[in-house]
Amino acid sequence: MLPFSLPIFPLPTVVLFPNVFLPLHIFEARYRQMIGEALAGDRIIGMVLLQAGYEDDYDGAPPVYATGCSGLITHAEKLGDGRYNLILRGLEKFSIHGEEVAAVGRLYRSAVITPIDETVRATERDELRRERQKLQELLTPVFSGSLDGRLPDAMPDEDLINALAQYLEFDPMEKLALLERQGALARCRAMIELLEMKAMIAEQGSGNGDQGTVH
């Protein structure tokens with residue numbers, strides 16, 4: 001279980017999914033402080049997405065979306081000037097209820113959160129496997145007609161779906177919408193719909209003489 005209170009790392013373009021790895025470079029003073037304290041504790045931070053218009057108050061506390069994902073720092077390299085190179089592994093989706101008042105001397109933000117259980121029910125397993133196969137068929141053109149060695153069949157369905165949601169070239173709001181879906185089955189279906197829509201738009205663009213692409 002996650003702690004009730006979680007330090008949060010808001011970014012404008014990054015969405016983390018459970019059990020997916022994310023490299024990060026930490027250079028701002030407030031986040032260097034956050035990482036230093038996390039490494040001295042449970043090594044867990046929360047990744048959240050900044051809302052549009054954050055530029056006007058980036059150094060303050062601009063609004064963030066309520067759904068995020070916790071991450072465990074699995075590797076940390078502290079550089080000579082205090083910056084960090086990290087590897088974060090997604091742990092669990094959460095919902096933010098509110099932010100805490102910062103303690104004296106603390107530069108970073110923290111939030112009161114509730115973890116969201118996304119355990120796949122036994123009754124969903126067969127349907128999830130079928131939806132995964134449909135998703136992989138849609139992705140075949142993206143990988144030049146061959147998925148051999150790219151999407152390991154032994155990877156658990158929910159882990160593969162989360163990895164694709166994070167690593168495919170969706171924009172941040174599309175990724176957030178996928179994260180907000182409740183569980184791997186709903187996320188997979190939403191990704192299929194998104195890819196089908198992008199393929200249709202690309203086909204229409206190609207028909208008009210444009211070079212459509214599917215991401």
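Bear in mind that the values here come from a model prediction, so they are computed numbers and not experimental data.
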How long is the straight-line distance from OG of Ser95 back to CD1 of Ile113, given to the nearest 0.5 Å? 9.0 Å

With a 4.5 Å cut-off on side-chain heavy atoms, are Pro63 and Tyr54 touching? no

Minimum heavy-atom distance between Arg129 and Asp157, given as atom pair plus value: NH2-OD1, 3.1 Å

State, with a plain yes or no, whether a side-chain heavy atom of Leu11 is found less than 4.5 Å away from one of Leu49. no

Could you tell me if the ring centre of Tyr31 sits under 6.0 Å from that of Tyr108? no

Euclidean distance, Leu72 CG relative to Phe21 CZ, rounded to 0.5 Å: 9.0 Å

Test item: side-chain donor near acceptor, Glu100 and Ser5, under 3.5 Å: yes

Pair Asn19, Asp159: side-chain N/O donor-acceptor within cut-off below 3.5 Å: yes

Val20 vs Arg89, test: side chain to side chain contact (heavy atoms under 4.5 Å, CB included). Steps then yes/no. CA-CA 6 Å; Val20 182; Arg89 179 174 68 83; over 6 Å; no

Is there a side-chain contact between Ile96 and Val112 in this structure, where contact means two heavy atoms from C-beta onward sitting under 4.5 Å apart? no

Linking I/L/V/M/F/W/Y whenever their side-chain heavy atoms sit closer than 4.5 Å, directly or via other members, would Phe170 and Ile201 fall into one cluster? yes

Are the side chains of Val14 and Lys175 in touch, meaning some heavy atoms are under 4.5 Å apart? no

Could you tell me whether Glu180 and Arg187 have a side-chain N and a carboxylate O separated by less than 4.0 Å? no

What's the spacing between Cys188 SG and Leu164 CG if we round to 0.5 Å? 8.5 Å

CD (Gln133) and CD (Gln136) are apart, to the nearest 0.5 Å, by 5.0 Å

Compare all side-chain heavy atoms of Met191 with those of Leu135 and state whether any distance is below 4.5 angstrom. yes

So, does Lys93 use its side chain to make a donor-acceptor pair with the main chain of Ser70 at under 3.5 Å? no

Kindly indicate, with the supporting measurements, whether the criterion side chain to side chain contact (heavy atoms under 4.5 Å, CB included) is fulfilled by His25 and Leu86. CA-CA 6 Å; His25 178 68; Leu86 305 179; over 6 Å; no

Could you pull out all residues at least two apart from Phe17 that satisfy ring-ring contact (aromatic ring centres under 6.0 Å, His included)? none

Nearest heavy-atom neighbours spanning Ile8 and Ala111: CG2-CB, 4.0 Å

Could you walk me through whether Arg125 and Glu158 satisfy the salt bridge (Lys or Arg N to Asp or Glu O under 4.0 Å) test, starting with their C-alpha distance in whole Å, then the side-chain angles of each, then the deciding distance to 0.1 Å, before giving a yes or no? CA-CA 10 Å; Arg125 279 291 172 194; Glu158 55 269 41; 2.9 Å; yes

Does the side chain of Leu24 come within less than 4.5 Å of Met47's, by heavy atoms? yes

Would you say CZ of Arg32 has more than 12 non-hydrogen atoms from neighbouring residues, nucleotides or ligands within 6.0 angstrom? yes

Please test Lys198 against Glu174 for salt bridge (Lys or Arg N to Asp or Glu O under 4.0 Å), starting from the C-alpha separation and ending with a verdict. CA-CA 12 Å; Lys198 288 178 178 288; Glu174 290 170 336; 3.2 Å; yes

Audit row: Val48, Phe94, side chain to side chain contact (heavy atoms under 4.5 Å, CB included) steps and yes/no: CA-CA 10 Å; Val48 292; Phe94 62 77; 3.8 Å; yes

On a heavy-atom basis, which atom in Ile116 and which in Glu92 lie closest, and how many Å separate them? O-CG, 3.9 Å

Do Leu128 and Val120 have side chains that approach each other closer than 4.5 Å (heavy atoms only, starting at C-beta)? yes

Rounded distance [0.5 Å steps], CG in Leu178 versus CE in Met173: 11.0 Å

Glu131 versus Leu185, closest heavy-atom pair with distance: CG-CD1, 3.7 Å

Is the shortest side-chain heavy-atom distance between Leu22 and Tyr167 below 4.5 Å? no

In short, Met155 meets Leu160 closest at the heavy-atom pair SD-CA, 3.3 Å

Name all pairs fulfilling the salt bridge (charged side-chain N to carboxylate O under 4.0 Å, His left out) condition that reach into residues 71-81, sequence neighbours left out, sorted by first residue then second. Asp81-Arg83

Could you see if Ile45 belongs to whatever hydrophobic cluster contains Phe27? Use Ile, Leu, Val, Met, Phe, Trp, Tyr and a side-chain cutoff under 4.5 Å. no

List for me each residue that meets side chain to side chain donor-acceptor pair (under 3.5 Å) alongside Asp117, sequence neighbours excluded, and say none if there are none. Thr119

State the CZ-CG distance between Arg43 and Leu88, to the nearest 0.5 angstrom. 10.5 Å

I would like to know whether Tyr84 and Leu79 meet side chain to side chain contact (heavy atoms under 4.5 Å, CB included); could you show each step before the answer? CA-CA 6 Å; Tyr84 288 92; Leu79 306 178; over 6 Å; no

Taking every non-hydrogen atom, the tightest pair across Lys134 and Ile192: CD-CD1, 3.8 Å

